[in-house]
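One structure is given below, encoded as structure tokens.
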Amino acid sequence: TIFQLPGKYGKGVLVTPTVHGNLLVGPTAIDVDDKEATATTAAGLAEVREKSGLAVKDLPMRQTITSFAGLRAHEPRHDFFIGEIAPGFVDCAAIESPGLSSAPAVGAMVADIVKNSLHLEADPAFDPTRKGILDPKTLSFEERAALIKEKPAYGQIICRCESVTEGEIIDAIHRVPGARSLDGVKRRTRAGMGRCQAGFCSPRVMEILARELGVDQSEITKSGGKSKIIVGTNKDAF
Ligand SMILES: Cc1cc2nc3c(=O)[nH]c(=O)nc-3n(C[C@H](O)[C@H](O)[C@H](O)COP(=O)(O)OP(=O)(O)OC[C@H]3O[C@@H](n4cnc5c(N)ncnc54)[C@H](O)[C@@H]3O)c2cc1C
């Protein structure tokens, strides 16, 4: 990870490999009032290109797969606000960067607040370990062949770009909390994260979601709420 010197708005533009082998370049940071403003802009991308170029020459920006923007809620003192603001109501607000890195510690702190507030006792039978979704790519050829023999869904590639199998998607849907939308599947398995940005696998993932959840495909959303993907059929007029 190549950092630049931090500025007023944070840690500056960095160039970093991801754990899955992609390259991540950015971010920029500006103050905005609009709480829905998650659009990327040409000016922002130009700034990323210019500033990342100071650290790494000739980055292949033309090979960009996708670009993102996010909102960072902050309060004037730029401090995390964590506390029980009303009896039984714990607030974790203004969690700016490094809120992601701090999340486990914030979780432990909130657990303590809740424990003291509700006078809870630890459950000795609680198992805190959580088994991840099995990724067949991490297995040897022989192990993978045995898995596919036992569970053929692991032999069906649904997301070609990221080589995600039907078995992983089924696992993502049936675990707790299970995926209910295309983005839910994407975040758990990477289906749709690759070069084609879900162009190929979206209909396949929708089919699997509908089948496994016992709902009609028209009920499947991109990310919950009103983000429906099927809004009608184009033969209705006939
Ligand atoms: C570009 C960028 C780079 C960053 N880099 C880093 C980094 O390198 N390291 C690091 O540690 N941190 C980083 N952060 C900061 C980190 O992402 C945040 O600190 C962290 O995500 C805050 O967690 P949160 O749960 O408080 O809020 P969020 O992650 O913002 O979660 C709030 C959730 O509430 C939902 N929501 C909002 N309103 C409603 C509503 N009315 N009803 C229901 N749901 C609602 C939102 O959709 C969202 O899912 C970065 C942030 C940005 C934007």
Side-chain angles (χ1 to χ4, degrees), residues 1-56 59 61 64-86 88-114 130 172 175-190 192-193 197-198 220-229:
T1 300
I2 300 173
F3 277 95
Q4 301 192 2
L5 283 177
K8 181 179 164 217
Y9 290 109
K11 62 186 171 293
V13 174
L14 56 115
V15 180
T16 181
T18 69
V19 287
H20 294 100
N22 303 75
L23 201 61
L24 201 61
V25 184
T28 61
I30 48 166
D31 276 334
V32 290
D33 291 324
D34 182 358
K35 293 186 176 64
E36 311 274 330
T38 52
T40 54
T41 62
L45 293 172
E47 189 184 332
V48 166
R49 189 176 304 118
E50 185 201 323
K51 292 194 174 157
S52 61
L54 299 173
V56 181
L59 276 170
M61 299 299 271
T64 302
I65 294 179
T66 189
S67 51
F68 311 91
L71 289 171
R72 262 186 295 229
H74 70 83
E75 55 93 59
R77 287 170 304 150
H78 294 281
D79 205 359
F80 290 5
F81 183 87
I82 304 163
E84 190 173 8
I85 53 162
F89 189 95
V90 181
D91 212 353
C92 299
I95 307 289
E96 288 187 59
S97 196
L100 221 49
S101 312
S102 315
V106 172
M109 188 173 164
V110 172
D112 260 349
I113 295 172
V114 173
R130 195 162 170 266
R175 54 181 40 231
V176 181
R180 295 288 173 270
S181 63
L182 286 186
D183 280 0
V185 169
K186 178 166 87 172
R187 294 198 178 108
R188 288 166 177 80
T189 66
R190 292 181 61 72
M193 289 281 277
Q197 285 291 290
I220 304 299
T221 62
K222 183 178 184 308
S223 55
K226 292 182 186 160
S227 61
K228 285 251 169 98
I229 297 158

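Owing to the predicted nature of the structure, the values given are computational and were not obtained by experimental measurement. Order of listing sets the numbers, starting from 1, for every ligand and every atom in it.
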Shortest non-hydrogen separation from Ser227 to Ser223 and the atoms involved: OG-N, 2.8 Å

From the candidates Leu14, Ile95, Thr28, Leu71, the one that places a heavy atom nearest atom 19 (O) of ligand 1: Ile95

Test item: protein heavy atom less than 4.0 Å from [atom]:
| atom | value |
| --- | --- |
| atom 26 (O) of ligand 1 | yes |
| atom 11 (O) of ligand 1 | yes |
| atom 33 (C) of ligand 1 | no |
| atom 40 (C) of ligand 1 | no |
| atom 4 (C) of ligand 1 | yes |
| atom 53 (C) of ligand 1 | yes |
| atom 37 (C) of ligand 1 | no |

Which protein non-hydrogen atom lies closest to [atom], naming both residue and atom, and how far is it?
| atom | result |
| --- | --- |
| atom 13 (C) of ligand 1 | Ser97 OG, 3.4 Å |
| atom 50 (C) of ligand 1 | Arg72 NH1, 3.7 Å |
| atom 7 (C) of ligand 1 | Lys11 NZ, 3.7 Å |

Exceeds 12 heavy-atom contacts within 6.0 angstrom, atom CZ of Arg190: yes

Looking at [atom1] of [X] and [atom2] of [Y], how far apart are the two atoms once the value is rounded to the nearest 0.5 Å?
| X | Y | atom1 | atom2 | result |
| --- | --- | --- | --- | --- |
| Arg175 | Arg188 | CZ | CZ | 8.5 Å |
| Asp79 | His74 | CG | NE2 | 13.0 Å |
| Leu182 | Ile229 | CG | CD1 | 4.0 Å |
| Thr28 | Glu47 | OG1 | CD | 5.0 Å |

Verdict with reasoning, Leu23 to Leu59, per side chain to side chain contact (heavy atoms under 4.5 Å, CB included): CA-CA 10 Å; Leu23 201 61; Leu59 276 170; 3.6 Å; yes

Expected output: side-chain Gln4 to main-chain Lys51 donor-acceptor under 3.5 Å: yes

Close-contact set for ligand 1 against Glu96 heavy atoms, below 4.0 Å: 19 (O)

Sub-4.0 Å atoms of ligand 1 with respect to non-hydrogen atoms of Gly99: 10 (C), 11 (O), 12 (N), 19 (O)

Leu100 N/O under 3.5 Å from ligand 1 N/O: yes

Contact (N/O only, under 3.5 Å) between Ser102 and ligand 1: no

Pro27, portion touching ligand 1 at heavy-atom distance under 4.0 Å: side chain

Trace of the side chain to side chain contact (heavy atoms under 4.5 Å, CB included) decision for Leu71 with Val32: CA-CA 9 Å; Leu71 289 171; Val32 290; 4.0 Å; yes

Intermediate values then yes/no, side chain to side chain contact (heavy atoms under 4.5 Å, CB included), Met61 and Leu45: CA-CA 10 Å; Met61 299 299 271; Leu45 293 172; over 6 Å; no

